[in-house]
Structures are given as C-alpha cells and as structure tokens.
Amino acid sequence: MTNEESLVTCPPFKSHRRKNCSWLRHGVLSWFGCWVFLICLLLSTTGYSRNLTSRPAVVNIGALFTFESSIGRVAKIAIQEAVKDVNANSSILRGTKLNVDMRNSNCSGFLGMVEALRFMETDIVAIIGPQSSVVARIVSHVANQLQVPLLSFAATDPSLNSLQFPFFVQTTQSDLHQMAAISDVVDYYGWKQVTAIYIDDDYGRNGMSALGDKLAERRCRISYKVGVPPDSGVNSTDILDMLIKVASMESRVIVLHVNPDVGFEVFSVANRLQMMGNGWVWIATDWLSSVLDSASPLQSETMDSIQGVLFFRQHTPDSNRKRAFYSRWRKLTGGSSGLNSYGLYAYDSVWLIAHAIDAFFNQGGIISFSNDSRLRSVKDSGLHLEAMGIFDDGKLLLNNILQSDLVGLTGRIKFDTDRSLILPAYDVNNVFGTGFKRIGYWSNYSGLTVVPPEMLYTKPPNRSSANQELYKVIWPGDTLFTPRGWAFANNGKQLRIGVPLRVSFREFVSQARGTDTFKGFCIDVFTSAITLLPYPVQYQFIPFGDGKTNPSYTELVYQITTGFFDAVVGDVAIVTNRTKILDFTQPYVASGLVVVAPFRKSNSGAWTFLGPFSARLWIVTGCFFFVVGVVVWILEHRINDEFRGPPKRQIITVIWFSLSTLFSTHRENTMSTLARFVLLIWLFVVLIINSNYTASLTSILTVHQLSSHIKGIESLKESDEPVGYQVGSFAEYYLSEEVGISKSRLVALGSPEEYAKALQLGPGKGGVAAIVDERPYVELFLAGQCTFRIVGREFTKSGWGFAFPRDSPLAVDMSTAILALSENGDLQRIHDKWLMQSTCSSDTSELEADKLYLRSFWGLFLLCGLACFISLVIYVLQIIRLFYAAPAESASPGQCASRPGCIRRLLTLMDQKEEPTKNASKRRKLERSLSGKDQDGESLRNPKRKETERTIGATST
C-alpha cells in the first residue's frame, strides 16, 4: 500500500449503506479525496465493496443464544472472557480487535431468525450459536445464503452436520456420539429394549433416530417412545398420563432426552408414581449435567427425585489451563454460578474463530460484502432485505475453521471429514445423595472404561466386551443390584402361551380331557423352569389345533409374530427359518431327523466266510498273491535250485509259494536280496488283511446282523420309493426343499400306529419304504415297535425349545432356568418319567455292518506293487548288464547275428543257472593253486572250457 492510500482509507461500503461520509459533511474533502470517494461510491452502487486494508481495526462477530437458560448464563460470561483474552493476546490478530455482538434468541426459532437477519445488516463475519438445535436449523438457511459461518457450542442435533448446512459447524459433541454411548451402556448391562421420552422437535426426534440406529447395531431396540410437546404448555397432568402409559410397558429402562424444565417435571411425577424405585433404570442425556454443573446444589426435593439416575456429560480432559480457568470463574461469579461443559465449548469457539480469522488475513483475505441480486425484487417491500450482503470470502474463512488444529480448554480442537470434532468422549455419572459421582468414561475409541480416554489414545483401540468396564452404580431404590431392565406389562393380562393340540405322541404334550390343563414332558419342563425365575410370571395355556390332526407348527409359531400368542410351549424344533423371526430358549432336548426302516435278521450260511470282503477286494487280493509269486520266482530262478526244474514243477512252486505266504508256511528259501525285500512287504500286507478278515468274520458269526435295503437318507434320495413323515412336522419342508425328494413321494402319517402299518405294508402294497422324523418321536415309536430300526446317521442337528418374540428378555431368563434344570438333574428325571417306556428287548443288534472294501487297503496294495516294480526294474538292469558283458570276449563284441538271436540269448541268460557266489570263490582259489603249466596245458587241450570259466567268473563278479 502506498503512502497516499494509507492516508485516506475508504470505509467498507455496502449497497445503500453509509451513503454519506462524515469528513465530506465537514468540508475537509480534498480534490484527491473526492476522486477516491467517487470511485468507492461507484463500486458500492455496482454492488461491490472492498476494504483496502488487509487487517481492519475491528472484526465483528455475532453471538446468538438464550441468555436466561442454564447454558446461556454460563455461555455469556465465557464468550465475554474469551474475547478479552483474545484481544489481550498480541500473538493473534495482531492489531485487530475482536468485537462480539450478543443477541437473545429466547429459545424461539422465530426470534432467532429475526436476530440472525439483523446480524446480516452489519459487518458480521461469523456467528457463535445458536444454542438451540431448532433455532440453528432455521438460522443455518440464512447463513448458507449469505456465506457466514455459524459455530454452535450447544446445538447437538446429529442432522445439522449434513451437507444441507455447509456453513454450520458444531463446536461441541454431536448427539450421534452421545446416543452411541447410551447404547453401549444398555448393552453393557444386558438390557435389550428401552423406552424413550423425548422433546418432540428436531432436536428430540433426530436424537431418537440416532439412538434407534445405535441400539440396532447392538441388537437392542426402542420398544416404546413418547414425545413431549416442545412448547411451554405441557403440564403435570399431561406428564402424568404419559408416565402411566410408560409404566404399563414391559421395558423398565427409560432414556430421557428433553430440556431441563420438562426433565425435572418428569422426574417429579415419576417419583410420585413410584417409578424411581427398585427395578427402574433412568438414563438422562447431557441436559441434566448442564444444570447440575451450573446450578448445583439443587433443592433437596429436586435431588431426591433424581436419585440413582445415570446421565452423560461431554468429557473435557484435565489440564492446567482448565484448572486455572475454573479458579478464575469462581472469582468472576463469586460462586453464584458453576461452569458447565457448554461454557467451555463457548469459550473455545471464540478462540477457534480468532485463529481462523488470523489465518484468513494471512492468506490475503479481505472482509467485504456484496449484494444478493435475488433480494432486489423485494427492495420496496418495506422489509429492507436489500441491506443484507453476502460475505465474499466466507468460504475461505469456513475452510480455515474446519482446518484448524489447536488445543483449548476442552482439549484438542480438530474436525474430521464429517465436520465433527475428533475423539468424542463422555463422562458417565450417577446421581447419589446430594451430588453425583463419575462411574466411568465412554469414547468411540475404546468404549466404556474407568480410565480417562486421553490415557488410552496412545494404545491400540480395544472395544472387546471383556475390556468394557464401569464402576458400581447405586440404582433407583438405593440398591447395588443391577435391574434386569424389564417387567411384565402391567395391563392386567396374563401371558398367552400357545400349546399344540397333539393327537399322537401325547407323551410330549396333551390336554386333559374336559379341562384347560395340559400335561406331558414339554409342559413339565416349562413349569419347572418358570418356577426357577426370580419373579412371578402369570400365564395361561391356549390350545392350538382342531384336535383331529397334529397342527402345523410353522403356523403355530407364526402366531407369535402377529401378537396372538406371547410364547409357544411344546415340542417345537429350533430350525433356521423360525429363528429368523423368533427367539428360542436353550434346547431342552437334543433332536434331529433320522430314517426309520424295517429290517430282517441275517443268518449265517455256507458262504458266510466270503462276507467280510467285497468282490473287488477278493479279486485284487487274489491277483496280488499270483503277482508276488511270479515276481519272487523271476528274482530267484537263476540262483535258487528250489525255483528251477521242469515247467510244471515251477508253476506249482509259484502257486504254492504265493498261497503259503498267507500262513507264513512257505518252505522255499529266498536267496536274492530283491526277493527278500518283496517278500517282506508282502507279508506285512498279508498280516493286515488277515487281521481284518478275522475280525470281520468273527463279528458276522457271533453278532446278530440286521439288514435293510435302506441305508440312510442318501439311499432314499436315490430311490423312487415313497417316504413317510409326521403331519405338521418341518420334515416335509426339509425333505422337499433341502434334500430334493419330490413331494409326490412324501406320505403324511399322523400316529405311531400309522407308522407301523405303512412300514409293514412296504412300498409295494401302498405303504412306505422308510419314515423320516425327529429322533425323540422315533425313539418313543421304537420303544414299542421291535421290528423297525434307525438306519444311517442323524442327518440334521437341532433341538426343541420354547419360542418367544424377538428380543424377549424372558427367553434369556428361561434359558438360564433350563440350564439349571439340566445341572441339578431335574431335566433327566422329567425325561425318564415320560419317555422311558421301552417294551423291546434291549439287545445290541445293529444293522448289517459294511463290508471291507478295496478303498480301505489300496495304500497297502500300492506299497506292495511299488516294491515289486522296483525290484523287477533292478533285476532287469542287472540282466542287461550281463547280456552286454558276456559277448565282450567273443569274436564279434557287442554284436548279435539278428534281433531274434539277441532275444533268445537274453532269455537263455535269464534261464541260465548262476553259481552261488560262495562256490565260485572256492573254485577260483582252487584254480589259482594249479600250476601254470597244467593250467596252460589244459587250456590248450580244451579251449572251450577256458572260455566257459571266464564267463562264469565274470557272472560271479
């Protein structure tokens, strides 16, 4: 800037604003100044105005909140002190003073909008507030249009961070994180459903929406919610009616998300209704902490009405600056008002704006405003909207705010990509006596802990359930015992429990004739388990079915989802499609589908000894006996006289030797190392086969064998014979949809008598080949029918349990009771009472055992085959070596007269008797003892003999 420009500075202009300058009216305008004034006036009339100084003397910001609220009273002082501290700090804004203009919105969306519009008539570059989420939503539309950043220290509505409001910045924690903290507490104590009381405006509704989402992530839910009118017209009578309805609900965990006035009135009425006693859980959001921190101590009557309440407060790390500010606060207020967390966030919001403005000036930003052309049409309407200007560099200032990274009284101030403060955390507090105590912390980094979150940020995050921890809580009613969180609805109704009206297998469930009472194994288990619950349960059994055929169990359990039944007790199988819509207790009977078929006893016959092996195994074993005999003969033929002789003798020797190895009675000695190796492997194979044959034959001859052409579910699937199932059972669906058996083959049977008749008739006479049913029914059926047996294995694994609606806490408690019955032996005694009625002899007969197949021994045969092959290869290589070495001393070395001649010579060599190594050695010693002359003379007389000796000597080596 030149000296001339610095002498005369045109004040910032807006269209139709500051049309006259004071120095013009006093006649001190120079000719040069007039030209400057005319240029500035020209720029202003065209809709543009620029401040020619990069750092003005004063920067104006606004503050909009409710002065007389618990948050507003604290925020007003905090903002004033923050402005003083900023202006006293020479390292920030350097020569520019920060000025704040405070306006009272009085908790009114209309007044908040009016005050926001009045702000826009002045050179306001940013607004702190509003305090209310409802007002913030309205004012955000104005801020978006005029590009003025809006920084709220108390509006916690989660939806305000949406892209709809780009100029709105939450400088406090969003309720999204607070609802996550509440959900973690609910899950920590094992509660599954809550009742929500909320203020029925944007703040309350959006908070409840976030709570519902976070609870759903933990398989919990809001079972009932009720809104309170946001205006001040709500009275005690309305709240009384509301709480009476809440008390009639099942859930005893209540989340209170309202403003302080309504909240304390709710607690007062609840106390009169005895809803603040044993069994109740009250969780208040951070509205309660703002009152207790700033207005404590409260009146004794008010404190008595909130005993045992859990509430949350934004966590602010402890620091020297924070302690110093608390000390300063007490001096400022004289102890008349406490400092809550919202006051700390308001203080930090001022510093955040100051740092952002400082960065804005460092980047060359200029505070200037321009007209909004869309407002020209309402110029003459009397509303004076044309006085509002758009902050030209508002986006630059907004970006500086979002990119800030500083440490304030509330800790580190930095925003993530969602424009939310990083590292959100809350204190979890418990009201007790005349005050409250902190029982732990919550953070989205580590969940619930008793260690301050800032001490865990340097460690890896651990959200495991074992790592979640809170200190002991004193609950409503002055008890340390954690409430179970629910009770039966206090509406004078008993639990409607559906019971199948069976016509068969009545040992499980049956209705006493002429009465409304039921009996049976399932009923006894239920009544025994329900007596173990730590609270009384009123219920009544409602029969389901026509009494002529077994009802459909799928339709029975579906009645729970419609609300017709509160539970179902009976022989209900726990299967996948049912668990998708219901909750089941711990199974009290193991179950699964099995196949029942008729059988016959297998008697021993003349050919029983062939039974242990399959035909293929017999053939392969016999072939290997012959192959091993031939291989040993080949390896022993040249050196062992016992394997030489006429062809007939040699064939008999091979057969005898191979078969005698079965009993290890072979008389022939093996001299070749290769033959001994093959024989060793073969004897090991024979030992294994012989042992298995003996064991299997012994079983066949000593144990009664039961045979059936049905071997299990696979043989039923491959056949085309009819298959029976019980009426109403899920077996029909499983066989048709999962196994793939055509429905035309399925035959519905309704009683054990029909089971027996259909199996006896068989598929050829209108009966069935087998029946598929659950094991408990089959065991009871076979207890009186001794001509049928279970074939194959159980091909499904399930159990029977009692059905309840989804997320029913009674299902959990009943599961615990069933486990107790199992541990103390009562469950087995009930089983023996109803189901131990067998009249068949308790023999150990089993269905025909499977034969021994080749697949069980192929490894042994492969080992033996490899031994034979390797030995033959080595032997052939030795023969080939001899074959080429023998003619080396002849007249034509390495040559054969013809190919047939070579083959004959090779076969002759293989058949030729080889003298044992020991005899050949003795002979060579004898020959060396002869005189040289005799040896030479003999050679001259018989040259052919000398050649033969050389050949024998070469072979011996």
Side-chain angles (χ1 to χ4, degrees), residues 66-75 77 107 182 185 195 197-199 228 232 234-244 246-247 252-314 326 329-330 332-343 426-440 470-483:
T66 303
F67 290 171
E68 297 305 320
S69 65
S70 58
I71 296 176
R73 283 188 292 267
V74 173
I77 301 174
C107 285
I182 293 175
V185 169
T195 296
I197 301 175
Y198 63 97
I199 197 75
V228 179
S232 58
V234 62
N235 52 46
S236 299
T237 303
D238 298 330
I239 294 177
L240 179 64
D241 295 338
M242 176 191 69
L243 290 182
I244 289 175
V246 169
R252 288 295 182 264
V253 181
I254 301 177
V255 177
L256 193 58
H257 186 55
V258 293
N259 57 47
D261 294 336
V262 173
F264 285 113
E265 186 64 29
V266 168
F267 282 132
S268 177
V269 176
N271 198 43
R272 295 201 302 268
L273 293 175
Q274 298 183 352
M275 294 174 64
M276 301 297 296
N278 287 338
W280 290 90
V281 178
W282 288 83
I283 302 175
T285 52
D286 55 9
W287 65 265
L288 183 55
S289 67
S290 66
V291 177
L292 292 177
D293 287 338
S294 58
S296 183
L298 300 178
Q299 296 179 359
S300 59
E301 182 181 353
T302 303
M303 290 301 299
D304 290 342
S305 67
I306 60 175
Q307 292 296 304
V309 174
L310 295 182
F311 68 93
F312 292 83
R313 176 177 57 194
Q314 294 96 333
Y326 267 96
W329 183 272
R330 285 190 292 270
L332 287 171
T333 61
S336 61
S337 176
L339 176 61
N340 56 42
S341 59
Y342 288 113
Y426 285 84
D427 297 340
V428 186
N429 302 292
N430 178 212
V431 177
F432 173 64
T434 59
F436 58 90
K437 64 176 182 177
R438 183 169 51 214
I439 62 171
L470 290 174
Y471 290 125
K472 289 290 185 180
V473 177
I474 299 178
W475 302 100
D478 197 20
T479 177
L480 291 174
F481 181 75
T482 302

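Since the model is a prediction, treat every value here as computed from it, not as a measurement. Note that these values count all heavy atoms, side chains included, but never hydrogens, waters or copies made by symmetry.
Closest approach of Gly279 and Arg252 over heavy atoms only: O-CB, 3.3 Å. Across all non-hydrogen atoms, the minimal contact from Val74 to Gly338 is CG2-O, 3.4 Å. Across all non-hydrogen atoms, the minimal contact from Ser69 to Thr66 is OG-O, 3.0 Å. Taking all atoms of both residues into account, the shortest heavy-atom contact from Ser290 to Ser294 is O-OG, 2.6 Å. Closest non-hydrogen pair, Ser305 versus Thr302, comes out as OG-O, 2.6 Å. Shown here for Ile306 and Met276, the closest heavy-atom pair between the two residues is CA-CE, 4.2 Å.
Under the 3.5 Å distance criterion, the side-chain polar atoms of Trp329 are matched with a main-chain donor or acceptor of Ser337. With hydrogens and angles ignored, the 3.5 Å screen pairs a side-chain donor or acceptor of Ser289 with a backbone N or O of Phe312.
Distance check: Thr195 OG1 to Leu243 CG gives 10.5 Å after rounding to the nearest 0.5 Å. Here the straight-line distance linking atom NE2 of His257 with atom CD1 of Ile197 works out to 13.0 Å at 0.5 Å rounding. The CD atom of Gln307 sits 9.0 Å away from the CG atom of Asn430 when rounded to the nearest 0.5 Å. In this structure, CG in Leu480 is found 6.0 Å from CD1 in Ile474, a value given to the nearest 0.5 Å. With rounding to the nearest 0.5 angstrom, the CG atom of Asp241 is 11.0 Å from the OG atom of Ser236. If you take OG1 on Thr434 and CG on Asp304, they are separated by 10.5 Å, rounding to the nearest 0.5 Å.
Under the 4.5 Å side-chain criterion, counting only non-hydrogen atoms from C-beta, Gln314 is in contact with Tyr342. Put simply, the side chain of Leu240 reaches to within 4.5 Å of the side chain of Leu273, judged on heavy atoms. Considering only heavy atoms from C-beta on, Thr333 stays 4.5 Å or farther from Leu339 through its side chain. For the pair Met303/Val431, a side-chain contact is recorded, criterion being any heavy-atom separation below 4.5 Å from C-beta on. Taking the side chain as every heavy atom from C-beta outward, Met275 and Val246 approach each other to under 4.5 Å. Arg73 places none of its side-chain heavy atoms less than 4.5 Å from the side chain of Phe67.
The stretch residues 281-302 participates, sequence neighbours left out, in these ring-ring contact (aromatic ring centres under 6.0 Å, His included) pairs: Phe264-Trp287, Phe267-Trp282.
Shown here is Tyr326, whose OH atom has more than 12 heavy atoms of other residues, nucleotides or ligands within 6.0 Å.
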Val228/Asn259 under side chain to side chain contact (heavy atoms under 4.5 Å, CB included): CA gap, chis, key distance, verdict: CA-CA 10 Å; Val228 179; Asn259 57 47; over 6 Å; no
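Checking Asp286, Ile283, Asp427, Leu292 one by one against Phe311, the side-chain contact (heavy atoms from CB on, under 4.5 Å) holds for a single residue, Leu292.
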